Amino acid sequence: LCTLNILLSCFCHLNCMGSGFSLFGNMLKCGYEPNVIILMTLVKGLCMDEKIAEASDFFLKMVEIDYPYNEVTFGTLINGLCKMGNNRMALRLLQGMEKGGRRCSPDAYVYSMVIDSLCKDGLIKEAFKLFREMDGKQIIQDVVTYSSLIRGLCNLGEWETVEKLFDEMCERGILPNLITFNILVDALCKERRVEEANHLVGLMNQRGVEPDMITYNTLIDGYCFTGQMDVAMKIFYSIASKGHEPNVVSYSTLINWFCKNRRVDEAMQLFRQMPRKGLKLDAVVYNVLICGFCQVGRIADAKDLFSEMQVHGQCPDVVTFNALMDGLCKNNCLVEALKMFKQMENSGFRPDIISFSILINGLCKAGEIESAKKLFKCISSNGLQPNVFTYTVLIDGLCKSGLIGEAVGFFVQMEEKGCQPD
RNA sequence: CUGGAUCGUUAG
């Protein structure tokens with residue numbers, strides 16, 4: 001095991017986590033019980049992503065000097081795993097805590113992290129299992145544990161359970177805090193129940209929980225979402241009287257909705273106010289506007305913003321490129337979109353599944369079915385998986401070109417690959 | 001002084 005671990009560390013050093021994982025897989029197949037150390041090596045390598053070399057160095061030293069890893073070390077690592085969406089490993093590590101040479105008892109922190117992560121994957125049943133497991137281990141759930149679960153349940157629309165949990169936590173003296181309320185306010189808004197959300201904000205005030213900028217931004221987005229931009233603007237302007245100042249998110253929320261309603265020039269006005277209010281323009285605001293201009297066909301303006309953001313020191317990201325590529329595709333500039341795809345890859349940005357879907361869609365709509373299929377094949381070699389969107393644009397393209405047989409083939413394929421048609 | 005939950009942006 002020791003030898004294998006060193007090898008594993010080497011993979012980490014070399015930034016070859018793929019090899020690291022296959023080694024790990026082989027270890028399991030050969031019947032080795034991975035110990036805490038092995039797992040931590042693996043995790044650390046993953047955690048740091050770009051900083052793998054340093055992380056491994058550090059960890060090797062930890063092992064050498066029998067560094068007293070503890071609940072916090074575990075917490076850091078489990079958190080890293082969760083953030084990467086690797087629930088399986090996070091769970092393994094959670095279970096491994098008690099088994100290591102130095103026994104660590106899992107605490108509410110690690111449990112909450114994993115519960116939260118499971119919830120974000122919609123695995124509410126698993127999350128509840130852990131929640132119960134805590135009871136068995138006499139680990140007392142706290143406000144974070146409850147808030148995470150509540151958020152997960154909200155996302156699944158399980159409101160009855162939400163209410164039950166909310167009451168339960170109150171009864172146990174675990175009082176909902178600002179974040180708990182913000183979660184609920186947001187969930188109500190996303191269900192278009194904005195008035196209830198607003199009412200809840202009143203209620204939290206009564207309970208002595210002061211709304212913060214996140215609360216107000218959430219409401220602003222909710223009112224915009226339900227077509228009540230006027231109400232949203234009122235809230236926006238009333239923020240100052242509540243002792244806060246609108247921040248970047250407040251602005252980008254409104255700008256986004258002006259764009260969505262094709263009111264790009266008003267969006268632009270708000271945008272130009274931001275520096276005067278001392279707000280730093282971030283990549284998101286730029287992305288919102290670039291997308292807005294593309295959607296009304298003002299590609300030139302979108303490109304201007306693309307340059308401007310770089311001048312202002314904001315690095316374009318995948319979203320920026322995707323928005324522009326989509327705009328180009330939909331405005332008969334397919335060739336330029338493809339050029340941008342190359343430019344993105346050359347400047348070290350990894351296209352995501354959305355990039356591929358956009359281009360496949362563009363190719364299909366331009367009648368370039370063959371190229372679309374070719375690009376579809378490239379998806380897996382980029383370490384990505386086609387999703388419902390990807391399949392849909394391709395199937396649609398095939399159908400519209402009369403290639404029904406091939407379309408059916410992809411339909412079958414998507415189901416086989418566990419991608420649910422919607 | 002170390003680890004956990006909440007708001008805004010891109011594709012059918």
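The figures that follow rest on heavy atoms only: side chains count, while hydrogens, waters and symmetry mates do not. Lettering of chains follows the sequences in order, A, B, ..., and the numbering in each one begins at 1. The structure displayed is predicted, hence computed values, not measured ones.
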Quiz item: Going by distance alone, is a donor N or O of one side chain under 3.5 Å from an acceptor N or O of the other, for A:Thr145 and A:Asp142?
Solution: yes
Quiz item: Sub-3.5 Å donor-acceptor pair from the side chain of A:Arg151 to the main-chain atoms of A:Cys119, do we have one?
Solution: no
Quiz item: Which parts of residues 108-135 of chain A get close to RNA chain B, meaning a heavy atom less than 4.0 angstrom away?
Solution: A:Ala108, A:Tyr109, A:Val110, A:Ser112, A:Met113, A:Asp116, A:Lys120
Practice problem: Taking the six-membered ring for Trp and the single ring otherwise, decide whether the centroids of A:Phe341 and A:Phe349 are under 6.0 Å apart. | Solution: no
Quiz item: Does any donor-acceptor pair link the side chain of A:Thr76 with the base of B:rG3 at a separation under 3.5 Å?
Solution: no
Practice problem: With heavy atoms under 4.0 Å as the rule, sort A:Val288 into base, sugar-phosphate or nothing. | Solution: sugar-phosphate
Exercise. Report yes if a donor N or O on one partner sits less than 3.5 Å from an acceptor N or O on the other, where the partners are the side chain of A:Asn182 and the base of B:rA5; otherwise report no.
Key: no
Practice problem: Walk me through it: do A:Leu184 and A:Cys154 pass the test side-chain contact (heavy atoms from CB on, under 4.5 Å)? | Solution: CA-CA 8 Å; A:Leu184 288 167; A:Cys154 286; 4.0 Å; yes
Practice problem: Nearest whole angstrom, please: distance from the P of B:rA5 to the CD of A:Gln141. | Solution: 18 Å
Exercise. Could you check which residues of residues 307-314 of chain A get a heavy atom under 4.0 Å from RNA chain B? Sort them by number, please.
Key: none
Practice problem: Please work out which residues in residues 278-287 of chain A have a non-hydrogen atom less than 4.0 Å from an atom of RNA chain B and list them by number. | Solution: A:Asp282, A:Val284, A:Val285, A:Asn287
Quiz item: Under 5.5 Å between ring centres and under 30° between planes: true for A:Phe389 and the base of B:rA11?
Solution: yes
Self-check item: A:Thr253 (side chain) and B:rG8 (base): donor-acceptor pair under 3.5 Å
Solution: no
Self-check item: Ring center gap for A:Tyr391 and A:Phe376 short of 6.0 angstrom
Solution: yes
Exercise. Scan side-chain atoms only and decide if A:Asp317 and A:Asn287 contain a donor-acceptor pair under the 3.5 Å cut-off.
Key: yes
